[in-house]
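Data block below; observations after.
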Protein chains: 2
Amino acid sequence: MFGHIDYKNPPELCPVRDVMSVASDQWSALIILWLGYFPVLRFNKLKKFVYGISNKVLSQRLKVLEADGYIQRKAYAEVPIRVEYSLTDFGQSYVEKLLELTEWMQTNSPKVLANREKYGLI
Amino acid sequence: MFGHIDYKNPPELCPVRDVMSVASDQWSALIILWLGYFPVLRFNKLKKFVYGISNKVLSQRLKVLEADGYIQRKAYAEVPIRVEYSLTDFGQSYVEKLLELTEWMQTNSPKVLANREKYGLI
DNA sequence: TAGAGTAAGTTACAAAAAGTAACCGGTATG
DNA sequence: CATACCGGTTACTTTTTGTAACTTACTCTA
């Protein structure tokens, strides 16, 4: 894992870090998880599921996730316009990894919350 | 995974989401990964490994990660003061999960970078 | 037939988070 | 005698987010 980093002469930028920071961003992760649950979602549906996200940030994240190859966007020339978002095969393989982490979080978040509370009282 | 969310009546806040956003934050993840590699690290060493982080943000993240139970801080009353950071058992169990994700990222980041480039040219 | 609602965003502005650089007091190093 | 280390903190600037209004063209409701 750290083998590729020469930590005595740290590089200006680590590409893995860059890629990971996009994919594990809170909103990006939620978008990908919901698209893993529902194969196809339109903008406004997605916005309802990814509770609390703004149009602006949803729009930004969708563009970045599309550019990075996790999701695909299909626009239909109807009136009103219909746009469908779905995971690519690559995105599908990522969501499986992400789900493992999320499951760990679901199991362990009570411990974190308990810890947080205890820490606040001391 | 989604069973706990009633997406027709979305909750004001999802605790899992809150916990996960702290733990999967870019800087937090890097701190935890380096502490998984070196059992004990002092502030300035950590700062060198977590390349690019500022004192301010490192200090903030260490406090939050300590409060959430991932790391522990030991200060020795020497002169100059010595402070050692290390993973708790809980943090250790988390870093194992995080490493799996990181390994996936290492394997797959070339695909993402290739995709990104292709997308930029169209 | 006026009014509201839907669709997928964009835009201008405000608020929050992150980055930058200087500083602390005491000690060891050159 | 000046410099660097130790583990941070503080004031200030820049970047990122969030908020709310707006867009175009059609459909549904009263």
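Residue numbers begin at 1 in each chain, while the letters A, B, ... track the order of the sequences.
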* Find the distance A/Lys74:NZ to C/dG9:P and express it as a whole number of Å. => 15 Å

* Structure fact -> Rounded to whole Å, NZ of B/Lys47 lies from C1' of D/dG8 at a distance of 10 Å

* Protein-nucleotide distance (B/Glu78, atom CD; D/dG7, atom P), rounded to Å -> 10 Å

* To do: Only counting residues at least two apart or in another chain, list the ones meeting ring pair (Phe, Tyr, Trp, His ring centres under 6.0 Å) with B/Phe43.
  => none

* Phosphate OP1/OP2 of C/dA8 contacted by A/Ser59 side-chain N/O (<4.0 Å) -> no

* Pick base, sugar-phosphate or nothing for B/Tyr76, based on heavy-atom distances below 4.0 Å to the nucleic acid. => nothing

* To do: Please name the residue in the list A/Thr88, A/Leu41, A/Leu62, A/Val64 that meets the side chain to side chain contact (heavy atoms under 4.5 Å, CB included) test with A/Ile71.
  => A/Leu62

* Structure fact -> note: B/Asn44, atom CG; D/dC6, atom P; distance rounded to Å ~ 5 Å

* Asked: Once you round it to whole Å, what is the distance between P of D/dC6 and CG of B/Leu46?
  -> 13 Å

* To do: Could you tell me which residues satisfy side chain to side chain donor-acceptor pair (under 3.5 Å) with B/Ser24, sequence neighbours excluded, listed by chain and number?
  => none

* Would you indicate, yes or no, if D/dG7 has its OP1 or OP2 atom less than 4.0 angstrom from a side-chain nitrogen or oxygen of B/Arg42? => yes

* Distance flag, aromatic centroids of B/Phe49 and B/Tyr37, threshold under 6.0 Å -> no

* Atom pair distance, as rounded to whole Å: CD in A/Glu84 and P in C/dA7 -> 13 Å

Could you list, one pair per line, each protein nitrogen or oxygen that sits under 3.5 Å from a nitrogen or oxygen of nucleotides 24-29 of chain C, together with the distance?
none

* B/Glu66 CD to D/dG7 C1': how many Å, rounded? -> 14 Å

* To do: Applying side chain to side chain donor-acceptor pair (under 3.5 Å), name anything that partners A/Glu84, two or more places apart in sequence or on another chain.
  => A/Tyr76, A/Arg82

Atom pairs, N/O to N/O, protein against nucleotides 16-20 of chain D, distance under 3.5 Å?
residue, atom, partner, partner atom, Å
D/dT17, OP1, A/Arg61, NH2, 3.2
D/dG18, OP1, A/Trp27, NE1, 3.4
D/dG18, OP2, A/Trp27, NE1, 3.3
D/dG18, N7, A/Lys56, NZ, 2.9
D/dG18, O6, A/Lys56, NZ, 2.5

* Asked: Given the side-chain rings of B/Tyr51 and B/Trp27, with only the six-membered ring counted for Trp, is the space between their centroids under 6.0 Å?
  -> no

* Using a strict cut-off of less than 4.0 Å between a Lys/Arg side-chain nitrogen and an Asp/Glu carboxylate oxygen, indicate whether A/Glu100 and A/Lys97 qualify as a salt bridge. => yes

* Asked: Considering residues at least two apart in sequence or located in another chain, which fulfil the salt bridge (Lys or Arg N to Asp or Glu O under 4.0 Å) criterion with B/Lys111?
  -> none

* **Atom pair distance, as rounded to whole Å: CG in A/Leu62 and C1' in C/dA8** => 11 Å

* Asked: Got a salt bridge between A/Asp68 and A/Arg61, using NZ or NE/NH1/NH2 to carboxylate O under 4.0 Å?
  -> no

* Mind checking A/Lys63 for me? I need base, sugar-phosphate or nothing, with any heavy atom below 4.0 Å counting as a touch. => sugar-phosphate

